[in-house]
There are 4 protein chains.
Amino acid sequence: MSTRPPPDATRRSERARRAILTAAVDLVAEVGYANLTIEAIAARAGVGKQTIYRWWRSKGAVVFDGFLFRQEVGGDITLPDTGDLRADLTTLLRSTIDDLVDPRVEAPYRALNAEIQHDPQLASDLVDHLLGPLLEATRQRLRSAQRAGQIAADVDLNLAVELLYGPIYHRWLLRTAPLTAGYAEALAALVLRALGTGSST
Amino acid sequence: MSTRPPPDATRRSERARRAILTAAVDLVAEVGYANLTIEAIAARAGVGKQTIYRWWRSKGAVVFDGFLFRQEVGGDITLPDTGDLRADLTTLLRSTIDDLVDPRVEAPYRALNAEIQHDPQLASDLVDHLLGPLLEATRQRLRSAQRAGQIAADVDLNLAVELLYGPIYHRWLLRTAPLTAGYAEALAALVLRALGTGSST
Amino acid sequence: MSTRPPPDATRRSERARRAILTAAVDLVAEVGYANLTIEAIAARAGVGKQTIYRWWRSKGAVVFDGFLFRQEVGGDITLPDTGDLRADLTTLLRSTIDDLVDPRVEAPYRALNAEIQHDPQLASDLVDHLLGPLLEATRQRLRSAQRAGQIAADVDLNLAVELLYGPIYHRWLLRTAPLTAGYAEALAALVLRALGTGSST
Amino acid sequence: MSTRPPPDATRRSERARRAILTAAVDLVAEVGYANLTIEAIAARAGVGKQTIYRWWRSKGAVVFDGFLFRQEVGGDITLPDTGDLRADLTTLLRSTIDDLVDPRVEAPYRALNAEIQHDPQLASDLVDHLLGPLLEATRQRLRSAQRAGQIAADVDLNLAVELLYGPIYHRWLLRTAPLTAGYAEALAALVLRALGTGSST
DNA sequence: TAGTAACCGAGACGGTACGTCTCGTCTTTAC
DNA sequence: GTAAAGACGAGACGTACCGTCTCGGTTACTA
């Protein structure tokens, strides 16, 4: 019973890494996650299969890293904070929906959501590194509104965040109905009634 | 290019059908959806592989039918309607959560939610036949409350339903935090504030 | 452990039998023996598969019966006996070769020769019912020549028959060289030297 | 429509090749050619099926190579040449018959003879690589006898070779009668009369 | 500046499962 | 009870990928 030595990351080929991640993201968009194979990634990347197996634990891990890699270029998340809570939330939900219906995002993101169902490790990676920043930023915006008295003091902000994104997620994953800009508005309005102080906002 | 003739359903073996569905549901719980194979289902069911391929289009379709088959025995959905909306919704969400954390439900249901991401046909089957009745029943309960003046007349009940289930679904699928009875209560309370007429209920 | 009762031949459908045998012979010529299936025979004959399995033991048996069935029309074998042994044998070998290179005979006959290698029962059927009459007739012609003093008295006529057909069979099965009319002549001449009395013929 | 690249023979596993050929020859003797499957060969050889499909075009090709492989060990063919033609030919035919009735040879060799009926490529391989050397050696022995005046100068030696082996082949393939040592003697004697110069030898 | 150790591309390997095909049996309905 | 029809259990087919395992060949540290 011997454990292989961990690969020496200092010798890692950056060229190969980039080629693999790019190939993975491209392929998942072309053929879907289910039809994506390590073999195809290796071929497209011009890389030996072993180079993939050496550095990633699973197909899901490669694709996930591919996502992060693509995200890296796109800068940080900054949420609008105009002071007008309703407007800010509506904008936020609208852009969330815009993202989800963008085909370049939809396909791979659905794949990820499928994959995390049988890979808890991947799920926590997703939540920590991809979703986390957005959820945290949303929480921050709500906290600022709460301090400004626009949101009742007793509201659990974690729950509030889920109240915002949960319905969208529900509709998107189950495809029960189309996601539209109007939906974002209606949802924001309804959630605000839940969070509000009761005073007129 | 010829399409095969559809099999003659009148000659279909009920024995084989039951064995296959039972084997599928059992196996998906034992080994998980990703590790489930048609060959294993056929072997467990004592059935030729062709008999599965003859009647189902995919692994997902078999598992889905397996679910429906198991559901058939369990009777119809009836939601509590005591007149106390808050109590009724809390009960409803609590039992939803109980279901989702029950390991016998969780494993195969996660599998289904993964599968529908790359099979829209299966998604619509799921929504129509498994989820549909529950969502519709929930809508009915809310409508009755709306008529009773407990819910504002301008509230879109489809949205209201998503406000109830979305957060749970979000938390369950992404595993951002544990689902507890307390969560059901807090969620019901918050949603009620969104739906309420503003008058004390 | 129960043996099925033998089928009642009096109820047998002559129409089905003819259709099956005809289909079998036609198909073996079209697709070759290896690619011939019971299913295809049944389909072509407009017959249930069970009807074939009821009356024949194997694919080989059907094809063989098909041959016999086609032969039935073709009358008895009569060999030339002009008194000129050399001429008669040359004619005989020539017509044998003509048969073997006729594509309508070649394909199915090769199939049969292949099949008998792993079906001794079929081999003995072939020798008894298809080849036997020709071999026996040849033996008779040689016997008459032996009585006339054209063949040495000590010659084993079974061996003599094999000396005639063996080389042709060898060349035909192994495709070592083409079978021509000239070959028939040369072979007949050489064999005659083996059989001869030594006196001038 | 793309053709797969030819495998890189330099990387080929000799261990796998030997195991496959041995398994193929053994199995064909045990279960017969018709019941021989690629899967069984792979299983017996402890080899993946793909390794067989990578290097051979068909089941027949594997079995044929198996024969060649077994032959390789048993060195070259050397025919007796004592000067006594009758004795030498009798010995030759006798050992030919001994081979053909040896069960270890009979089963796979029958299989090959069946297979070449619907695979001309295999037929020519068989004649060139397995039978060829023996036929050529026999021709050489006869040529030496012809030069020594023991065989008439006008005899076609190709035909003479067929006169020797054809009858044995005929009897062996059709199973018309048993092959014995006495048969070898009688056949050799008769053929010699065909080949002889007419003078007493 | 030679050696050497790790990674690299490539691809054969032992396997598993795929979805298709055909087998020979079983079951149903019609005659 | 035979016949046509066709679903059934069984299992081999040839393919696609899996994850592991050699192979040379770079490539970058070490002596």
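To find a chain, count down the sequence lines: A is the first, B the second, and so on, and within it residues start at 1. Note that the structure is a prediction, hence the values are computed from the model and not measured.
In this entry the distance linking CD1 of C:Ile20 with C1' of F:dA3 reads 10 Å, nearest Å. The CZ atom of D:Arg12 sits 19 Å away from the C1' atom of E:dA10 (whole-angstrom rounding). One can place CZ of B:Arg18 at 15 Å from P of F:dG9, the figure rounded to the nearest angstrom. As rounded to whole Å, 16 Å separates atom P of E:dA12 from atom CD1 of D:Ile52. The separation between A:Lys49 atom NZ and E:dG11 atom C1' is 8 Å, rounded to whole Å. One can place CZ of B:Arg54 at 8 Å from C1' of F:dG6, the figure rounded to the nearest angstrom. The separation between A:Glu14 atom CD and E:dC8 atom P is 11 Å, rounded to whole Å.
Where D:Ala9 and A:Trp55 meet DNA chain E, the nucleotide closest to each residue was compared, and A:Trp55 sits on the side nearer the 5' end.
B:Arg15 comes within 4.0 angstrom of sugar-phosphate atoms only, judged by non-hydrogen atoms across all strands, and of no base.
Residues A:Ile20 and A:Arg17 form no side-chain contact, since every pair of their non-hydrogen atoms from C-beta on lies 4.5 Å or further apart. In this structure the side chain of A:Leu130 reaches within 4.5 angstrom of the side chain of A:Phe64, judged on heavy atoms. Using a 4.5 Å heavy-atom threshold, the side chains of D:His129 and D:Leu68 count as touching. You'll find the side chain of D:Lys59 reaches within 4.5 Å of the side chain of D:Leu36, heavy atoms only. The shortest distance between side-chain heavy atoms of C:Ile116 and C:Asp125 does not fall below 4.5 Å. Taking the side chain as every heavy atom from C-beta outward, C:Trp55 and C:Val62 never approach each other to under 4.5 Å.
For the OP1/OP2 pair of F:dA4 and a distance below 4.0 Å, the side-chain nitrogens and oxygens of C:Thr51 include at least one atom meeting the criterion.
Within a heavy-atom distance below 4.0 Å of DNA chain E, the residues of residues 24-47 of chain D found are D:Gly46, D:Val47.
In this structure, the salt bridge (charged side-chain N to carboxylate O under 4.0 Å, His left out) partners of C:Arg44, at least two apart in sequence or on a different chain, are C:Glu30.
Side-chain atoms of D:Tyr33 come within 3.5 Å of backbone N or O of D:Gly60 as a donor-acceptor pair. Under a 3.5 Å cut-off, the side chain of D:Arg175 and the backbone N or O of C:Gln117 do form a donor-acceptor pair.
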I'd like a table of atom pairs between the protein and nucleotides 27-31 of chain E - only N or O on both sides, under 3.5 Å - with the distance next to each one.
from, atom 1, to, atom 2, distance (Å)
E:dT28, O2, B:Arg11, NH2, 3.2

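With E:dT25, F:dC18, E:dA12 as the candidates, the nucleotide lying closest to the side chain of A:Tyr53 is F:dC18.
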